[in-house]
There are 2 protein chains.
Amino acid sequence: MDVIEQYIISKGLKPGDPLPTEARLCEDLGVSRSSVREAFRQLQALDIVAVHQGRGTFVSDMSLRPLVKSLVIRASLGTDNFTSLKEVVEIREVLDVGLARKIVESMEGTRHEELHSITDVMIAKAERGESFPDEDIAFHRGLMQSVGNALVEQLMSAMWIIHMAVLPDLPAGDQTSMIATARAHRDMLLASEAGDVEGYEAAVDAHYAPLLRTLGNLPSQQN
Amino acid sequence: MDVIEQYIISKGLKPGDPLPTEARLCEDLGVSRSSVREAFRQLQALDIVAVHQGRGTFVSDMSLRPLVKSLVIRASLGTDNFTSLKEVVEIREVLDVGLARKIVESMEGTRHEELHSITDVMIAKAERGESFPDEDIAFHRGLMQSVGNALVEQLMSAMWIIHMAVLPDLPAGDQTSMIATARAHRDMLLASEAGDVEGYEAAVDAHYAPLLRTLGNLPSQQN
DNA sequence: AAGAATTTGTCCGTATGTATC
DNA sequence: AGATACATACGGACAAATTCT
């Protein structure tokens, strides 16, 4: 495994570049095919390489999918499922709050039509009693994009995916909370465009409040 | 792999619990040793299971070590190494800023002697021109502990380990920056104990300023 | 369009190193 | 010290998928 890693780094390979075949590596490294395959499997699990039957093995894009898988399982195993989920939601909130200044700084004075239409759809759906997971993730992704940090973006998306994987159904609970959540999104957008950091932080609070209240009160459940 | 995951989840196994032996799984699932081993290798890479020769395979603690490995390689491959590293440092900063209110809230009115002695050592070392990586990680870990979110703690530690793995040497650069960084740590602590959120945020800024300046100005380098 | 070549997926059998009792 | 249980490693064979001729 380490040898292959060093190979990728030393050759400066980029995602998509092909790696030597299993047979080739057996010769070069003087090990059996099983060993090469087990090494590739580990790198595959980390999304460092991608293996395709009949084609070969390639450098992958090293996404945060492994993190998601690991944390989803972890959340499914905690004494009560909601402590783990609460930690994930808190990270989401910490990222939103921690990026407040950067986001407001880069959004101030602009107007993002696509984000506005997303929040409009959110509020409309909430008033009809529908949930809006797709709009939710799209909104947060859009906000994060403005800071120009790919890792932050992926981390936020990862936490959101974990969130939905552990608790697929309700994003908030009753319709009152859903409408409040939808409006909080709009308030976040408006505050950022207005350059109002405090307003943005308050909206983030309002955004997570109903969810955290639900998680705090909910009893434990077995899976 | 999925079958084993489901096995862990359905049986509600906790870290340390033993899994069936490879031979056993071969029979139960009707597959060969190689397949079982390759599945275990993937789960091992994700730190979901731990394999011990001569003893067996056990549920592991699902740490964020896989994330570290993945991001270290990613950072070693970016067009210039410092864009990746800068993203990691920015996440550290976002976590510190995003946790400001929670930290100050839980620290206000208390006095953490061990954290004070850490910052004292930091400042002393900085004035002697020595770096202080151990004290640095210990300090941030100690602060994070007060919020009672294990995931946040691990995420912060992971980012710090990546940081040091990619840039093992200088934490800041010249001695002036090092002293400023050391003092910023003390200011973070004092502000949190005084319940001063704005002061805490300012100290966080001062803490990361020299580092981000260095990263922003440094030219790219090959590994 | 058919067949050959390449490459990964799976399986089997055997021998070896390691930990536990 | 010996026996047992278990993972590690190797080599060979065939199947399945993809690509090339």
Side-chain angles (χ1 to χ4, degrees), chain A residues 1-63 65-66 69-70 73-74 77, chain B residues 1-63 65-66 69-70 73-74 77:
Chain A
M1 188 179 179
D2 292 335
V3 173
I4 299 175
E5 275 179 21
Q6 281 311 117
Y7 178 90
I8 295 175
I9 294 177
S10 66
K11 296 260 182 181
L13 299 184
K14 302 233 168 63
D17 291 343
L19 273 69
T21 67
E22 295 178 354
R24 189 64 204 273
L25 282 171
C26 294
E27 292 181 11
D28 293 358
L29 306 181
V31 298
S32 75
R33 188 153 162 236
S34 319
S35 304
V36 172
R37 284 186 60 77
E38 288 180 20
F40 270 153
R41 283 291 180 229
Q42 297 187 60
L43 296 171
Q44 184 192 37
L46 298 176
D47 199 23
I48 293 172
V49 309
V51 192
H52 298 287
Q53 183 173 2
R55 290 176 47 206
T57 304
F58 306 85
V59 178
S60 187
D61 37 7
M62 289 166 260
S63 70
R65 223 188 34 240
K69 194 177 193 71
S70 174
I73 292 187
R74 204 158 96 165
L77 255 56
Chain B
M1 187 179 178
D2 292 334
V3 173
I4 299 175
E5 276 179 22
Q6 281 312 115
Y7 178 90
I8 295 175
I9 294 178
S10 67
K11 295 258 181 182
L13 299 184
K14 303 247 164 62
D17 290 344
L19 273 70
T21 67
E22 294 179 356
R24 189 64 204 273
L25 282 171
C26 294
E27 293 180 12
D28 293 358
L29 306 181
V31 298
S32 74
R33 277 289 291 289
S34 321
S35 303
V36 171
R37 283 185 62 76
E38 288 181 18
F40 271 156
R41 283 290 181 231
Q42 297 187 59
L43 296 171
Q44 184 191 36
L46 297 176
D47 200 23
I48 292 172
V49 309
V51 196
H52 298 288
Q53 184 172 359
R55 290 175 47 208
T57 304
F58 306 84
V59 178
S60 187
D61 39 8
M62 289 165 254
S63 71
R65 220 187 39 237
K69 195 176 192 70
S70 173
I73 293 189
R74 202 159 98 164
L77 255 56

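What you see is a predicted model; the values in this text were computed from it and never measured. Chain identifiers are assigned alphabetically (A, B, ...) following the order of the sequence lines, protein sequences preceding nucleic acid strands; residue numbering begins at 1 within each chain.
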Within this structure, what is the [atom1]-to-[atom2] distance between [X] and [N], rounded to whole angstrom?
X        : N       : atom1 : atom2 : result
Glu22(B) : dT18(C) : CD    : C1'   : 14 Å
Glu27(B) : dA5(D)  : CD    : C1'   : 14 Å
Phe58(A) : dT6(C)  : CZ    : C1'   : 12 Å
Gln53(B) : dT18(C) : CD    : P     : 6 Å
Met1(A)  : dT8(D)  : CE    : P     : 14 Å
Leu19(A) : dT8(C)  : CG    : P     : 10 Å

Practice task
Please name all residues satisfying salt bridge (charged side-chain N to carboxylate O under 4.0 Å, His left out) with Glu22(B), sequence neighbours left out, ordered by chain then number.
Solution key: Arg33(B), Arg37(B)

Practice task
Please tell me which of Gly56(B) and Gly30(A) maps to the more 5' nucleotide of DNA chain D, matching each residue to the nucleotide holding its nearest heavy atom.
Solution key: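 Looking at the nearest nucleotide for each, Gly56(B) comes out on the 5' side.
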
Exercise for the section: Measure from the side chain of Thr21(A), starting at C-beta and using heavy atoms only, and say which of dT8(D), dG9(C), dT7(C) lies closest. Expected result: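 Within the option list, the nearest is dT7(C).
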
pair [X]-[Y]: side-chain heavy atoms closer than 4.5 Å:
X        : Y        : answer
Ile4(B)  : Gln42(B) : no
Met1(B)  : Arg41(A) : no
Phe40(A) : Leu25(A) : yes
Leu77(B) : Leu13(A) : no

Practice task
Within residues 32-52 of chain B, find the residues that approach DNA chain D with a heavy atom at under 4.0 Å, and present them sorted by residue number.
Solution key: Arg33(B), Arg37(B), Arg41(B), Val51(B), His52(B)

Exercise for the section: Report yes if at least one side-chain N or O of Arg55(B) is closer than 4.0 Å to OP1 or OP2 of dA7(D); otherwise report no. Expected result: no

Practice task
Using the side chain to side chain contact (heavy atoms under 4.5 Å, CB included) rule, take Leu19(A) and Ile8(A) through it: C-alpha gap first, then chi angles, then the decisive distance, then the call.
Solution key: CA-CA 8 Å; Leu19(A) 273 69; Ile8(A) 295 175; 4.2 Å; yes

